[in-house]
There are 2 protein chains.
Amino acid sequence: MEKELDTVAKYLKEHDFKLTNQRRKIIETVFVSHDHFTADDLYDVLREKGESISKATIYRTLSLLCESGLVESRDFGRGQLYYEHVLGHDHHDHLICNGCGKVVEFKNADLEKLQGKVAKARGFRIESHSLRLFGRCKACR
Amino acid sequence: MEKELDTVAKYLKEHDFKLTNQRRKIIETVFVSHDHFTADDLYDVLREKGESISKATIYRTLSLLCESGLVESRDFGRGQLYYEHVLGHDHHDHLICNGCGKVVEFKNADLEKLQGKVAKARGFRIESHSLRLFGRCKACR
DNA sequence: ATATTTGCAAATTCTTTGCAACTTA
DNA sequence: TAAGTTGCAAAGAATTTGCAAATAT
């Protein structure tokens, strides 16, 4: 947590942003969680901790963290964005169960390599990608 | 066009839905386009043709077409859904330019095969997938 | 000090829904 | 004519924004 806070603090300083109490609390919460969460989830967790931070600030801070590259947003097709921190996480993709909604992370180097090849062949330089496999997990067959 | 209309008509009949004028016009427009379009785009094209069909009907018909499997929705991360018909189109994925917004379709069998393997290894049966490569096209470097 | 940030409430944007009038089969 | 469909306007849901008061550096 200390490390993450420092990393964000550095980013803030470099950009002339301020490390407010609200941002500190949000950061402490975001980087402790190793799950996907929505803006609303984050709002609720903070309230449970006794911190009532406005939705506006939650949204503003999340987009700031996304710009910093320390957090990424994911669209699982549920009408709202999910977030997840990527500090110390390698990039990964997602398997999403259409039955129970379970999300399983995976990574596969061959897949990434192949993607790079495809993009190159079309004259694109990849900056990011999103691969979502929708289907049914064993329990939901 | 005739073929597509028939296919949709058959789907409608099977489900006790009716082929209304509005649906016919929408279908005629959707299956003529070979591009990605939003609900709003569709609304505008129809108005240009002199057909003023309500947004509500546009949305209802698009979701009906998605359920039928004849149209698919795509999320290019622009805050609204894009649609595209898949009749006579093979499945494909998308390269999206972060510079100019250009969308290039591609398909790669090896990629799909590999995805299947990954899913299987995790006990998932894939029902669909979405792969989006975000980056910069040659012109936007 | 002063520029940034916050919270609030209002505004936006995309999409969905209730309902009475109207079509289609 | 019965059931499904339409348009309208209102409702929803998620997110963004304007602004005055508060806060960090």
Side-chain angles (χ1 to χ4, degrees), chain A residues 5-6 8-30 36-47 50-68 71-84, chain B residues 5-6 8-30 36-47 50-68 71-84:
Chain A
L5 188 53
D6 285 353
V8 180
K10 195 177 144 214
Y11 175 85
L12 293 174
K13 189 165 289 180
E14 279 168 3
H15 294 259
D16 286 316
F17 293 147
K18 293 174 179 174
L19 182 53
T20 61
N21 262 309
Q22 289 89 329
R23 285 181 180 163
R24 199 191 326 270
K25 297 299 180 194
I26 290 175
I27 292 161
E28 282 168 1
T29 307
V30 164
H36 308 100
F37 58 88
T38 63
D40 238 56
D41 293 339
L42 180 53
Y43 177 80
D44 290 341
V45 171
L46 285 162
R47 298 209 73 214
E51 309 291 340
S52 85
I53 297 176
S54 73
K55 289 258 174 79
T57 297
I58 302 267
Y59 277 110
R60 283 188 278 229
T61 304
L62 283 173
S63 63
L64 185 155
L65 291 172
C66 286
E67 275 160 34
S68 80
V71 167
E72 284 178 8
S73 65
R74 317 273 184 202
D75 186 337
F76 296 139
R78 301 193 195 136
Q80 72 202 287
L81 288 179
Y82 283 72
Y83 297 86
E84 141 180 52
Chain B
L5 189 53
D6 285 355
V8 180
K10 194 177 143 211
Y11 174 86
L12 294 174
K13 189 165 288 178
E14 280 168 2
H15 294 258
D16 285 317
F17 293 146
K18 293 175 179 174
L19 181 55
T20 61
N21 261 311
Q22 288 90 328
R23 286 183 178 161
R24 199 191 327 270
K25 297 299 181 195
I26 290 175
I27 292 161
E28 282 169 2
T29 307
V30 164
H36 308 99
F37 58 88
T38 63
D40 238 55
D41 293 339
L42 180 53
Y43 177 80
D44 290 340
V45 171
L46 284 162
R47 298 208 74 214
E51 308 291 339
S52 86
I53 298 177
S54 73
K55 289 259 174 78
T57 297
I58 302 267
Y59 278 110
R60 284 188 277 230
T61 305
L62 282 173
S63 63
L64 185 155
L65 290 172
C66 286
E67 277 160 32
S68 81
V71 166
E72 284 178 8
S73 64
R74 317 272 183 204
D75 186 336
F76 296 139
R78 300 193 196 135
Q80 71 202 290
L81 289 178
Y82 283 73
Y83 298 85
E84 141 181 52

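Each chain gets a letter, A, B and so on, in the order the sequences are listed, and its residues count up from 1.
- Ring-plane geometry between Phe76(B) and Tyr82(B) is classed as tilted, the angle between the planes lying from 30 to 60 degrees on a 0 to 90 degree scale.
- Between Ser73(A) and Cys66(A) the shortest heavy-atom distance is N-SG, 4.1 Å.
- Note: CG (Leu12(A)) to P (dT4(C)) measures 13 Å, nearest angstrom.
- Aromatic ring orientation, Tyr11(A) versus Phe17(A): tilted (interplanar angle from 30° to 60°).
- Annotation: the span from Asp41(B) atom CG to His36(B) atom NE2 amounts to 12.0 Å, rounded to 0.5 Å.
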Report summary line: Each nucleotide of nucleotides 15-25 of chain D classed B (base within 4.0 Å of a protein heavy atom), S (only sugar-phosphate) or -, in 5' to 3' order, makes BBBB-----BS
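- One finds the CD1 atom of Ile58(B) at 10.0 Å from the OG1 atom of Thr38(B) (value rounded to the nearest 0.5 Å).
- Whole-Å rounding puts the Lys13(A) NZ to dT4(C) P distance at 16 Å.
- Judged by distance alone, the side chain of Arg23(A) and the main-chain N or O of Thr61(A) form no donor-acceptor pair under 3.5 Å.
- Here dT16(C) presents its C1' atom at 15 Å from CG of Leu64(B), a figure rounded to the nearest Å.
- Here dT23(C) presents its P atom at 14 Å from CD1 of Ile53(B), a figure rounded to the nearest Å.
- Taking atom CG on Asp44(B) and atom C1' on dC14(C), their separation rounds to 14 Å, with Å as the unit.
- Between Leu42(B) atom CG and dC14(C) atom P the separation is 15 Å, expressed in whole Å.
- Computed from coordinates, the Tyr43(B) OH to dT6(D) C1' distance equals 14 Å when rounded to whole Å.
- dT13(C) atom P lies 19 Å from atom CD1 of Ile58(B), rounded to whole Å.
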